[in-house]
Amino acid sequence: MTTELIAASKNKLWLAAIKPPMYSVAIMPIWVGTAVAVFETSTINWKIFTTFITAAILILAWENILNDVFDSETGIDKNKHHSLVNLTENKSLVIAMGNSCLALAILGLLGICWWQQDLTVLGLILLCCGLGYLYQGPPFRLGYQGLGEFLCFFAFGPLGVSAAYYSQTQNWSWVCLATSIIVAIPITLVLFCSHFHQVEDDINAGKKSPIVRLGTERGAKLLPWFCGSIFILTGGFVLWGIFPIWTLLSFVAIPSGIKLCRHVSQYHNQPNLVSNCKFIAIALQFWSGLFLGIGLILG
């Protein structure tokens, strides 16, 4: 019985390390950028779309894996039992896993460039990878200066969504740029919410995350403004004629936003209880992004 419990506990740790729900963060920019292309051109290249989705998942896997490596070097993850480095006790293996994911992703992107005879998509995604490295990678570690959310916003928003749009159209679009802002805000919130439960570890490691700088109470008070901006901007773009009215379907994510704000407001200073708030934020970004894309396609 004890062996079964240990195995079950180990499986939970591996599941927490892999973080399956987190990969919707990689999928949504590609989905919505492609949806804008369908909205404007009424066509879709399925081969490029599926290849890009796969590459995006692999790139996020690379980023998450390498972040575990970089955090192990600063000691910030010493209490994080589901860190891949702590689970495997083999940093070299973890680095090899991460770099393999990146190499496979680049191969997929090179395939898209070959089909298009155009290297633009690869260039945009390499910029995203560069921002991802600046976030945690030495000697920069800009996430430790509280700049992670800014890097996340641009990597998953304007750069990521535009790359997906360009992969279908080989063109640029103001509608795509407006859409990228709507996509970027909830994805950035996922990172923002991941800091609430680890303030003590961040302080000990010298990481000046936004929640360390603001405090958990002030951070919780900002959440309704960030969540509300997603739907205010969407409604505004509909009124201005930039988005079709069908994009208001994304308002189905409002209950997730309300749940997130209430949960963090109540438990912001209780690490064990607030630790799951990033998963509520993931639900918010998933449903808002999914139905934003559906609304664009219906439009």
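Treat the numbers as computed from the prediction; the structure is a model and nothing was measured.
A continuous path of ILVMFWY side-chain contacts below 4.5 Å connects Ile258 to Leu260, so both sit in one hydrophobic cluster. Transitive grouping of hydrophobic side chains (ILVMFWY, heavy atoms separated by less than 4.5 Å) brings Leu296 and Trp46 into a common cluster. At a threshold of 4.5 Å between side-chain heavy atoms, the hydrophobic network of Ile, Leu, Val, Met, Phe, Trp and Tyr places Leu107 and Ile112 in two separate groups. The hydrophobic cluster containing Ile232 does not contain Leu222, counting ILVMFWY residues as joined when their side-chain heavy atoms lie under 4.5 angstrom apart, directly or transitively. In the hydrophobic cluster analysis, where Ile, Leu, Val, Met, Phe, Trp and Tyr join through side-chain heavy atoms closer than 4.5 angstrom, Trp225 is grouped apart from Phe231.
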Go through it in stages, so that I can follow the logic: the residues are Phe237 and Trp240, the test is side-chain contact (heavy atoms from CB on, under 4.5 Å), and I'd like the CA-CA distance, side-chain angles, deciding distance and then a yes or no.
CA-CA 5 Å; Phe237 289 145; Trp240 294 331; 3.6 Å; yes
Please assess Phe52 against Thr34 for the test side-chain contact (heavy atoms from CB on, under 4.5 Å), listing each intermediate value before the final yes or no.
CA-CA 10 Å; Phe52 211 153; Thr34 303; over 6 Å; no
Take Tyr166 and Asp118 through the side-chain contact (heavy atoms from CB on, under 4.5 Å) test and state the conclusion after the steps.
CA-CA 10 Å; Tyr166 192 92; Asp118 187 340; 2.5 Å; yes
Given the rule in the side-chain contact (heavy atoms from CB on, under 4.5 Å) test, do Gln168 and Ile44 qualify, once you have shown the distances and angles that lead to the verdict?
CA-CA 7 Å; Gln168 294 288 329; Ile44 181 171; 3.9 Å; yes
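Side-chain contact between Ile185 and Ser229 is present, with at least one heavy-atom pair separated by less than 4.5 Å. Ile59 places a side-chain heavy atom less than 4.5 Å from the side chain of Cys129. A heavy-atom distance below 4.5 Å is found between the side chains of Phe192 and Pro210. Val212 is not listed as a side-chain neighbour of His195, based on a closest heavy-atom distance of 4.5 Å or more. Between Leu66 and Asn99, some side-chain heavy-atom pair lies under the 4.5 Å cut-off. Leu223 is listed as a side-chain neighbour of Cys193, based on a closest heavy-atom distance under 4.5 Å. Val199 has its side chain out of reach of Pro271: every pair of non-hydrogen atoms, C-beta onward, lies at least 4.5 Å apart. For the pair Ile297 and Phe39, the minimum side-chain heavy-atom distance is 4.5 Å or more.
Although no hydrogens or angles enter the test, the distance criterion places a donor-acceptor pair under 3.5 Å between the side chain of His263 and the main chain of Leu273. Side-chain N or O atoms of Ser265 include none that pairs as donor or acceptor with a backbone N or O of Arg262 at under 3.5 Å. A donor-acceptor pair under 3.5 Å is formed between the side chain of Gln116 and the backbone N or O of Ser167. For the pair Trp31 (side chain) and Leu290 (backbone), a donor-acceptor distance under 3.5 Å is present. Using modelled atom types, one side-chain atom of Arg213 and one backbone atom of Gln145 make a donor-acceptor pair closer than 3.5 Å.
Considering every non-hydrogen atom in both Phe196 and Thr216, the closest pair reads CE2-O, 3.4 Å. Minimum heavy-atom separation, Leu191 to Cys152: CD2-CB, 4.0 Å. The two residues Trp172 and Leu124 come nearest to each other via the heavy atoms CH2-CD1, 3.8 Å. The two residues Trp287 and Ser256 have their closest heavy-atom pair at CD1-OG, 4.1 Å. Summarising the geometry of Gly143 relative to Lys207, their closest heavy-atom pair is O-CE, 3.6 Å, with the distance given to 0.1 Å. The minimum heavy-atom distance linking Leu284 with Ser288 is given by the pair O-OG, 2.8 Å.
A donor and an acceptor atom, one from each side chain of Tyr165 and Glu40, are located under 3.5 Å apart. For the residue pair His197 and Ser275, no side-chain donor N or O sits within less than 3.5 Å of a side-chain acceptor on the partner. Thr120 and Gln170 form no side-chain donor-acceptor contact under 3.5 Å, judged by distance and modelled atom types alone.
Here the straight-line distance linking atom OG1 of Thr247 with atom CD1 of Ile294 works out to 12.0 Å at 0.5 Å rounding. The OG atom of Ser162 lies 9.5 Å from the CD1 atom of Ile125; values are rounded to the nearest 0.5 Å. To the nearest 0.5 Å, atom CD1 of residue Ile211 and atom CG of residue Asp202 are 9.5 Å apart. Atom-to-atom distance recorded for Phe286:CZ and Ile27:CD1 is 8.0 Å, nearest 0.5 angstrom. The line from CZ of Phe140 to CG of Leu147 is 13.0 Å long, rounded to the nearest 0.5 Å. Distance CD/Glu149 to OG/Ser209: 7.5 Å, rounded to 0.5 Å.
Heavy atoms of other residues, nucleotides or ligands lying less than 6.0 angstrom from CD1 of Ile245 number 12 at most.
Partners of Leu131 according to the side chain to side chain contact (heavy atoms under 4.5 Å, CB included) rule, which considers only residues two or more places apart in sequence or in another chain, are Leu134, Leu151, Phe154, Ala155, Leu159.
With Leu58 as the fixed residue, the side chain to side chain contact (heavy atoms under 4.5 Å, CB included) test singles out one of Ile53, Leu102, Leu104: Leu104.
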